[in-house]
Amino acid sequence: MTTKRLGVGFIGTGNISSAYLRAIIGHDSLPGFPVLDIKGLADMRPEAAQARASEFGLEAMSIEDMLADSEIALIVNLTIPRAHAAVGLRALTAGKHVYSEKPLGINFTEGKILLDTANKAGLRVGSAPDTFLGGSHQQARAVVDSGALGQIVGGTAFMQVPGHEAWHPDPAFYYDIGGGPVLDMGPYYITDLVNLLGPVARVSAMASRLRLTRPVLSEPKQGQIMDVKVDTHVTGSLGFANGAVVQVGMSFDVAAHKHVPLELYGTEASLIVPDPNLFGGDVEFKKRGREEVWTPVPVTQPYADGNYRSLGVADMAQAILDNRPHRANGDLALHVLEVMEAFEVASREGRTVEIRTPVERPEPLAMSLKDGRI
Ligand SMILES: NC(=O)c1ccc[n+]([C@@H]2O[C@H](COP(=O)([O-])OP(=O)(O)OC[C@H]3O[C@@H](n4cnc5c(N)ncnc54)[C@H](O)[C@@H]3O)[C@@H](O)[C@H]2O)c1
């Protein structure tokens, strides 16, 4: 049983906050994360904080009161991408550790300032995604680390959808600066790839933005016209420091496709890695040869069978209490942000962009771990 707990406050209580709160409090068969002691919820719209607090039996408070509360050590920042850096800096200035939704900032400079500020203050930065800690992705990591693929030569990563305006109640931010398929969904794919393969060394890309406005398709804003300020169809290649080259497709313009989310190709075998936006899913393996059958890899790692969004926060809180590194950390998020920005630079300038930020693969989760413990 976890005995020590860390006081946590949430800023931003929109759509995704309910997934975090459900995973932390626990529901159905999910055990929750008792290490996280939720002291309060805040939002620039106090009514949104109050509504979410009432729903979960928690306390709503103002952002000022939250940042002044000495029992809160860690702020979970679930605001929109454009606000991530400003809200994060404000929390750091108040002496709080920060865990931010992705992306860490809407550009590399924002992310770097956030990390430099935290480092100077002796505080920590964590960032989504934490799905790479999910059981299926940790299982894929174990296969890669076993050497069963041989030398990894490359892979593919595809996230291609018609656009989030079909379901999100307030989707304009997906087409604003800080949005687009790369900054929105790239964190899941690139973080998972870095977890599997190590640092990215260079990026090439081409991108398009064929529709300059798009209508909201979901309620309550159905029919409102959104300006598109970012590229919505992006293709490119990631060259990893280990020599592997991965083809990438990220789009909000694709009606349908049949590519799997992630494939890795080795000299001895290939591996299918499931959707990095989810914690679970099927991992499949096929050896070189004529045999046509892909073998399912049994997923024995924990955190594979539900939405554990907040696992990265729980790991960060436990790491603070135990004085060890946390896995969904700022260095990893900054590296991923540099890679994502490089797609834009490579596409605009027609060149290959070198990636400079160093990163280490986070420690795998222990095979012996049980759901709810971290
Ligand atoms: N919705 C999803 O399924 C989903 C999934 C994974 C990650 N995310 C990420 O989570 C973040 C939030 O997404 P969402 O869908 O919950 O958005 P949302 O628009 O539903 O909610 C964002 C909330 O942040 C508040 N906010 C905005 N700026 C603020 C500021 N400066 N200070 C205080 N509060 C502020 C808004 O009032 C709103 O309540 C985004 O970074 C998004 O990429 C969303």
Side-chain angles (χ1 to χ4, degrees), residues 9-23 40-55 60-67 75-94 96 98-107 110-111 114 126-132 134 159 161 163-192 216 218-221 224 226 230 250 252 275-279 307-313 328 333 336-337 340:
F10 280 68
I11 300 182
T13 55
N15 199 277
I16 198 60
S17 62
S18 56
Y20 275 75
L21 295 171
R22 274 167 66 79
L41 309 182
D43 195 289
M44 70 178 189
R45 295 179 301 128
E47 69 281 9
Q50 187 55 61
R52 201 59 96 204
S54 304
E55 187 185 338
M61 50 174 73
S62 68
I63 296 172
E64 292 71 26
D65 286 351
M66 179 174 285
L67 295 179
I75 298 293
V76 180
N77 177 4
L78 305 184
T79 60
I80 55 171
R82 273 192 108 138
H84 286 172
V87 170
L89 280 174
R90 215 176 142 191
L92 290 171
T93 307
K96 316 291 187 197
V98 184
Y99 180 95
S100 177
E101 247 306 329
K102 48 78 189 167
L104 186 60
I106 60 170
N107 55 49
E110 277 195 358
L114 200 68
S127 179
D130 53 3
T131 39
F132 75 93
M159 191 301 301
V161 293
H164 295 326
E165 62 268 43
W167 61 272
H168 196 284
D170 194 9
F173 76 82
Y174 289 115
Y175 299 99
D176 197 355
I177 306 298
V182 174
L183 276 180
D184 176 48
M185 297 301 285
Y188 298 106
Y189 288 72
I190 298 164
T191 305
D192 211 17
V216 177
S218 58
E219 293 295 349
K221 298 193 170 176
Q224 283 189 13
M226 303 177 290
V230 288
M250 302 258 150
F252 285 162
D275 187 345
N277 187 18
L278 303 175
F279 291 81
N307 187 354
Y308 291 101
R309 220 167 274 250
S310 71
L311 175 54
V313 189
V336 169
L337 185 54
M340 294 192 297

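Just follow the structure's listing: the first ligand is 1, and inside any ligand the first atom is 1. Only this structure's heavy atoms are used, side chains among them; waters, hydrogens and symmetry mates stay out. Count residues from 1 along the sequence.
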Novice: For atom 44 (C) of ligand 1, what's the nearest protein heavy atom and its distance?
Specialist: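 Nearest neighbour among protein heavy atoms for atom 44 (C) of ligand 1, to 0.1 Å: I16 CB, 3.7 Å.
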Novice: Considering only non-hydrogen protein atoms, determine which one is nearest to atom 12 (C) of ligand 1 and report residue, atom name and distance to 0.1 Å.
Specialist: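 Heavy-atom neighbour on the protein nearest atom 12 (C) of ligand 1: L78 O, 3.4 Å.
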Novice: Ignoring angles and geometry beyond distance, decide whether R45 reaches within less than 3.5 Å of ligand 1 through its nitrogen or oxygen atoms.
Specialist: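 Yes - when backbone and side-chain N and O of R45 are compared with those of ligand 1, one distance drops under 3.5 Å.
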Novice: Counting distance only, does the side-chain N/O of D130 pair as donor-acceptor with the main-chain N or O of S310 below 3.5 Å?
Specialist: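 Yes: the side chain of D130 pairs with the backbone of S310.
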Novice: If you measure every N or O of H84 against every N or O of ligand 1, does any of those distances drop under 3.5 Å?
Specialist: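 By distance alone, the answer is yes.
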Novice: Tell me whether R22 at atom CZ has more than 12 heavy atoms from other residues, nucleotides or ligands lying less than 6.0 Å away.
Specialist: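 Atom CZ in R22 is not crowded, with 12 or fewer foreign heavy atoms closer than 6.0 Å.
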Novice: For ligand 1, which atoms sit closer than 4.0 Å to a heavy atom of I11?
Specialist: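 Matching atoms, with element in brackets: 33 (C).
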Novice: Any idea which atoms of ligand 1 are less than 4.0 Å away from a heavy-atom of I63?
Specialist: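 Contacts of ligand 1 toward I63, numbered from 1: 33 (C).
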Novice: Does an N or O anywhere in G12 fall below 3.5 Å from an N or O of ligand 1?
Specialist: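 No, no N or O pair falls under 3.5 Å.
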Novice: To the nearest 0.5 Å, what is the distance between OG on S100 and CD1 on I11?
Specialist: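 One gets 10.5 Å once the value is rounded to the nearest 0.5 Å.
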Novice: Quick one: nearest non-hydrogen protein atom to atom 40 (C) of ligand 1, plus distance?
Specialist: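 The answer is T79 O, 3.6 Å.
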Novice: What's the verdict on salt bridge (Lys or Arg N to Asp or Glu O under 4.0 Å) for E64 and R90, showing C-alpha distance, side-chain angles and the deciding distance?
Specialist: CA-CA 10 Å; E64 292 71 26; R90 215 176 142 191; 3.2 Å; yes
Novice: To the closest 0.5 Å, what do you measure between CG (L78) and CD (E101)?
Specialist: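 Reported to 0.5 Å precision, the distance equals 6.0 Å.
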Novice: So if I count the atoms of ligand 1 from 1 in the order they appear, which ones are less than 4.0 Å from some heavy atom of E101?
Specialist: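 Taking each heavy atom of E101 in turn, ligand 1 has 7 (C), 8 (N), 9 (C), 10 (O), 11 (C), 41 (O) under 4.0 Å.
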Novice: Relative to the heavy atoms of A83, which atoms of ligand 1 are at a distance of less than 4.0 Å?
Specialist: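 Those qualifying, in numeric order: 28 (N), 31 (N).
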Novice: Would you check whether H168 reaches within less than 4.0 Å of ligand 1, judged by its heavy atoms?
Specialist: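 Under 4.0 Å: yes for H168.
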Novice: Can an N or O of N15 be found at a distance shorter than 3.5 Å from an N or O of ligand 1?
Specialist: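 Between N15 and ligand 1, an N or O pair is found under 3.5 Å apart.
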Novice: By salt bridge (charged side-chain N to carboxylate O under 4.0 Å, His left out), which residues pair with K102, not counting sequence neighbours?
Specialist: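 Scan of K102 (salt bridge (charged side-chain N to carboxylate O under 4.0 Å, His left out), adjacent residues dropped) gives D184.
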Novice: Only heavy atoms of V87, strictly under 4.0 Å: list the atoms of ligand 1 that pass.
Specialist: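 Answer for ligand 1: 30 (C), 31 (N), 32 (N).
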Novice: As an exercise, state the distance from CG of L337 to CG of N107, rounded to the nearest 0.5 Å.
Specialist: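 Those atoms lie 7.0 Å apart.
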Novice: Nearest 0.5 Å, please: how far is OH in Y308 from CG in L278?
Specialist: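 The CG atom of L278 sits 13.0 Å away from the OH atom of Y308.
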Novice: In Å, rounded to the nearest 0.5 Å, how long is the span from CG of L67 to CE of M61?
Specialist: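 Rounded to the nearest 0.5 Å, the CG-CE separation comes to 10.0 Å.
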Novice: Counting non-hydrogen protein atoms only, what is the nearest one to atom 17 (O) of ligand 1? Give residue, atom name and distance.
Specialist: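 Here the nearest protein heavy atom works out to F173 CE2, 3.8 Å.
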Novice: Say whether K102, considering both its backbone and side-chain N or O atoms, lies within less than 3.5 Å of an N or O atom on ligand 1.
Specialist: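 Yes - when backbone and side-chain N and O of K102 are compared with those of ligand 1, one distance drops under 3.5 Å.
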Novice: If you count the atoms of ligand 1 from 1 in the order shown, which ones are under 4.0 Å from a heavy atom of R309?
Specialist: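 Here the atoms of ligand 1 in question are 5 (C), 6 (C).
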Novice: Among all protein non-hydrogen atoms, which one is nearest to atom 21 (O) of ligand 1, and what is the separation to 0.1 Å?
Specialist: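 Here the nearest protein heavy atom works out to G14 CA, 3.2 Å.
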Novice: Would the distance check show the side chain of S62 and the main-chain N or O of D65 forming a donor-acceptor pair, the cut-off being under 3.5 Å?
Specialist: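 Side chain of S62 to backbone of D65, a donor-acceptor pair under 3.5 Å: yes, one is there.
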Novice: Looking only at distances, can you tell me whether any N or O atom of M44, backbone or side chain, sits closer than 3.5 Å to an N or O atom of ligand 1?
Specialist: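 Yes - when backbone and side-chain N and O of M44 are compared with those of ligand 1, one distance drops under 3.5 Å.
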Novice: Kindly assign one of parallel, tilted or perpendicular to the pair W167 and Y174, based on the angle between their ring planes and the thresholds 30° and 60°.
Specialist: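 Ring orientation of W167 relative to Y174: tilted.
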Novice: Under 4.0 Å from ligand 1, counting heavy atoms only, is it the side chain of F10, its backbone, both or neither?
Specialist: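 Neither; nothing of F10 gets under 4.0 Å from ligand 1.
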Novice: Are any non-hydrogen side-chain atoms of I177 and R82 less than 4.5 angstrom apart?
Specialist: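 A side-chain contact under 4.5 Å exists here.
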Novice: Calculate, to the nearest 0.5 Å, the distance between atoms CG and CD1 belonging to D170 and I80 respectively.
Specialist: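 One finds 8.5 Å between CG of D170 and CD1 of I80.
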Novice: Counting non-hydrogen protein atoms only, what is the nearest one to atom 19 (O) of ligand 1? Give residue, atom name and distance.
Specialist: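 Scanning the protein heavy atoms, the shortest distance from atom 19 (O) of ligand 1 goes to I80 CG2, 3.8 Å.
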Novice: Among all protein heavy atoms, pick the one closest to atom 23 (C) of ligand 1 and tell me residue, atom and distance.
Specialist: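 That would be D43 OD2, 3.6 Å.
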Novice: Just to check, does W167 reach to within less than 4.0 Å of ligand 1 when the distance is taken from its heavy atoms?
Specialist: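 Yes; W167 lies near enough to ligand 1 that a heavy-atom distance drops under 4.0 Å.
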Novice: If only atom types and distance count, is the side chain of T79 paired as donor or acceptor with the main-chain N or O of G12 below 3.5 Å?
Specialist: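 Answer holds: no.
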Novice: Would you say Y20 touches ligand 1, if touching means a heavy atom closer than 4.0 Å?
Specialist: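 So Y20 does not count as touching ligand 1.
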